[in-house]
Amino acid sequence: MMSVKLFPPGVPIEKRLFDIFLTTPGLILISPLLLAFGFLLRFKMGRPVIFRQHRPGYKGTPFAINKFRTMNDKRDADGHLLPDAKRLTGLGRFMRATSLDELPELINVLRGEMSLVGPRPLLMQYLERYTPEQARRHEVLPGITGWAQVNGRNALTWEDKFRLDVWYVDHWSLWLDIKIVAMTMLKVIRREGISQPGYASMEEFMGSGLDSGCNGQKAQEEPR
């Protein structure tokens, strides 16, 4: 049974109402699209259709994010997952380019686990790698889009993304959320900042000032 937090702790009431009023009719309107992509993914890649993974939410509390699956499970001779770029399917690449893979996150928004706008929820293991300042990105609900996404997305360095996330935390307003939603629609149309050069999405964050040593392999899916 779906557990819904009508008014999650720490979320301004006007922000939550903004999320509900946009997400509820939005889900109703796109439900045929969700079903169509669900059937297509089931036919092309099999199960599961929805990729679920625990991500840190408000104050770092874990929740299960919902996304359309964009990668297959191909492995090398030793049983290790292949790099993201080799597991990303043609359909998955299209869905990322158009951000259609993010649509199931609207369910997380209705549940009160995410907001339409906020810092992107990354991987759980990143929590211990943040500086105290970077960790402030968890002082608000994570979002489907955010200030970092409309100012470069995965083309930014991790440090720049976190700096923009914290700026959003300190400067939040309802008008800023409206602005970010409008800018996001333009970014999606232009397909800007989808991936970091040399990676299918974004290299793993190993901590500020450290070399990641990452070859594009991650625990099942991208942390976009």
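Counting from 1, the numbers follow the sequence of the chain as shown. Any value given below was found using the heavy atoms of this structure, including those in side chains, with hydrogens, waters and symmetry copies removed.
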So Leu33 and Leu100, side chain to side chain contact (heavy atoms under 4.5 Å, CB included) or not? Walk me through it. CA-CA 9 Å; Leu33 185 63; Leu100 290 169; 4.1 Å; yes
I'd like to check Lys67 versus Pro104 (side-chain heavy atoms, cut-off strictly below 4.5 Å). Are they in contact? no
Between Gln53 and Arg55, is any side-chain donor less than 3.5 angstrom from a side-chain acceptor? yes
Give a yes-or-no answer on whether the side chains of Lys15 and Ser115 include a donor-acceptor pair shorter than 3.5 Å. yes
Tell me whether the rings of Phe68 and Phe37 are parallel (<30°), tilted (30 to 60°) or perpendicular (>60°). tilted
For the residue pair Tyr126 and Trp158, does the interplanar ring angle fall in the parallel (under 30°), tilted (30 to 60°) or perpendicular (over 60°) class? perpendicular
Does any N or O in the side chain of Arg87 come within less than 3.5 Å of the main-chain N or O of Lys74, such that one atom is a donor and the other an acceptor? no
Can you tell me how far CG of Leu27 sits from CG of Leu110, rounded to the nearest 0.5 angstrom? 5.5 Å
Give a yes or no on whether the backbone of Met71 and the side-chain of Arg69 come within a donor-acceptor separation of less than 3.5 Å. yes
Cluster question for you: counting only ILVMFWY and a side-chain heavy-atom cut-off of under 4.5 Å, with indirect links fine, are Phe7 and Phe18 together? no
Considering all heavy atoms of both residues, which atom of Ala135 and which atom of Tyr130 are nearest to each other, and what is their separation? N-CB, 3.8 Å
Can you establish whether the number of heavy atoms outside Phe39 located under 6.0 Å from its atom CZ is more than 12? no
Go through the steps to decide whether Asp19 and Val11 satisfy the test side chain to side chain contact (heavy atoms under 4.5 Å, CB included), and finish with yes or no. CA-CA 11 Å; Asp19 286 343; Val11 181; 5.5 Å; no
Nearest 0.5 Å, please: how far is CD1 in Ile20 from CG in Leu6? 5.0 Å
Under a 4.0 Å threshold between the charged nitrogen and the carboxylate oxygen, would Asp170 count as salt-bridged to Arg136? yes
Could you state whether Ile180 and Leu17 fall into the same hydrophobic cluster, counting links through intermediate Ile, Leu, Val, Met, Phe, Trp or Tyr residues with side-chain heavy atoms under 4.5 angstrom apart? no
Report yes or no: do Leu116 and Met183 belong to one cluster of Ile/Leu/Val/Met/Phe/Trp/Tyr joined by side chain heavy-atom distances under 4.5 Å? yes
Lys179 NZ: over 12 foreign heavy atoms closer than 6.0 Å: no
Rounded to the nearest 0.5 Å, how far apart are CG of Asp160 and CG of Asn151? 10.0 Å
Would you say the side-chain atoms of Asp177 and Trp172 include a donor-acceptor pair closer than 3.5 Å? yes
Separation between CD (Gln134) and CZ (Arg163), nearest 0.5 Å, reads 11.5 Å
Rounded to the nearest 0.5 Å, what separation is found between the CE atom of Met45 and the OG1 atom of Thr70? 6.5 Å
How far apart are the closest heavy atoms of Tyr58 and Pro9, and which atoms are they? CE2-O, 3.4 Å
Taking Arg129 for the side chain and Phe205 for the main chain, is one N or O donor matched with an acceptor at less than 3.5 Å? yes
Close side-chain approach of Leu91 to Met95, heavy-atom, < 4.5 Å: yes
Heavy-atom closest pair, residues Leu141 and Pro8: CD1-CG, 4.3 Å
Close side-chain approach of Leu176 and Trp147, heavy atoms under 4.5 Å: yes
For Gly146 against Val117, the heavy-atom pair lying closest together: CA-CG1, 4.3 Å
Among the clusters formed by ILVMFWY side chains lying less than 4.5 Å apart, do Ile178 and Leu164 turn up in the same one? yes
Can you tell me if Arg96 uses its side chain to pair, donor with acceptor, with the backbone of Asp101 under 3.5 Å? no
Donor-acceptor pair between Asn66 and Glu105 side chains, under 3.5 angstrom: no
Just by distance, do the side chain of Asn108 and the backbone of Ala64 share a donor-acceptor pair under 3.5 Å? yes
If you round to the nearest 0.5 Å, how far is CE of Met114 from OG1 of Thr23? 10.0 Å
Compare all side-chain heavy atoms of His138 with those of Thr61 and state whether any distance is below 4.5 angstrom. no
Taking every non-hydrogen atom, the tightest pair across Val140 and Pro119: CG2-CD, 3.5 Å
Do the side chains of Val166 and Leu127 join up, straight or via other hydrophobic residues, at under 4.5 Å, putting them in one cluster? no
For Pro62 and His54, which heavy atoms make the closest approach, and how far apart are they? CB-CD2, 4.3 Å
